[in-house]
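Worksheet for the structure shown next.
Protein chains get the first letters and strands the later ones, always in sequence-line order, with residue 1 at the start of each. From a predicted model like this one, the values you see are computed outputs, not experimental measurements.
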Amino acid sequence: SQTIHQWPATLVQPVGSPLSLECTVEGTSNPNLYWYRQAAGRGLQLLFYSVGIGQISSEVPQNLSASRPQDRQFILSSKKLLLSDSGFYLCAWCLGGTSYEQYFGPGTRLTVT
Amino acid sequence: RKEVEQDPGPFNVPEGATVAFNCTYSNSASQSFFWYRQDCRKEPKLLMSVYSSGNEDGRFTAQLNRASQYISLLIRDSKLSDSATYLCVVISYNQGGKLIFGQGTELSVKP
């Protein structure tokens, strides 16, 4: 069966510091991968998605970037965090093709101070 | 107008009650629909896919009305463990298969 991991689970970072969040998927090949952010009391906002290694689509222009160095690894980065980057960051995968159900990792709760 | 709209609630119901959530979507080209459940400070989890003919999974029934562009979720015999936020999700193939999430409806089941 497939599993999705994210780390770290929680993170407190000062404004202006860099960020690297990692997501890995096991048990499947060539999944579609997604990064979402959920601000406190708000809905999920799609940040990036990837349909293959090195292929990244950005949904929202901001100071974040994503990379997919390996088939089942998805990384979210920032060079300088802003206070507004605080939130719950969720990675998700789906099989793609005609299968659209997405499955989420446990998330990283980021607080920028 | 938001692409997917839900009543945010909260819905406060006693154990054993039947509760229904509605969700409306604005894009008539929407093709696939889901309900997710999100517990406090946890990730969303897929609850049900919603099929054109409606579908049932135990105490949960999902229905789709394409003409009126709304989706519903019915929960019968509510349990304390049903307390969560329920997210309505819509996919429009003409938007590259992106999932569009509603803001969620909060349910609180009381003893």
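When the side chains of ILVMFWY residues are joined at heavy-atom separations under 4.5 Å, either directly or via intervening members, B:Val90 and B:Met48 end up in a single hydrophobic cluster. In the hydrophobic cluster analysis, where Ile, Leu, Val, Met, Phe, Trp and Tyr join through side-chain heavy atoms closer than 4.5 angstrom, A:Tyr89 is grouped together with A:Ile56. Note: the hydrophobic cluster containing A:Val12 does not contain A:Val15 (ILVMFWY, side chain heavy atoms under 4.5 Å, direct or indirect links). Residues A:Ile75 and A:Leu33 do not share a hydrophobic cluster, clusters being chains of Ile/Leu/Val/Met/Phe/Trp/Tyr side chains in contact below 4.5 Å. Linking ILVMFWY residues whenever their side-chain heavy atoms come closer than 4.5 Å, directly or via other members, leaves B:Ile75 and B:Tyr70 in distinct clusters.
Here the side chain of B:Glu43 pairs no donor or acceptor atom with the backbone of A:Gly107 at under 3.5 angstrom.
With a 4.5 Å cut-off on side-chain heavy atoms, B:Lys42 and A:Pro106 do not count as touching. A heavy-atom distance below 4.5 Å is not found between the side chains of A:Phe104 and B:Lys45.
Around atom CZ of B:Phe60, more than 12 heavy atoms belonging to other residues, nucleotides or ligands sit under 6.0 Å away.
Here the shortest heavy-atom pairing between A:Arg109 and B:Arg41 reads CD-NH2, 2.8 Å. Among all heavy-atom pairs drawn from B:Leu99 and A:Tyr100, the shortest one is CD1-O, 3.6 Å. Residues B:Tyr36 and A:Gln102 share a closest heavy-atom pair of OH-O, 2.5 Å.
Taking SG of A:Cys94 as the start and CD1 of B:Ile91 as the end, the distance is 8.0 Å to the nearest 0.5 Å.
Chosen from A:Asn32, A:Leu90, A:Leu44, A:Leu46, the residue pairing most often with chain B at heavy-atom distances under 4.5 Å is A:Leu44.
B:Gln38 and A:Gln38 share a side-chain donor-acceptor pair at under 3.5 Å.
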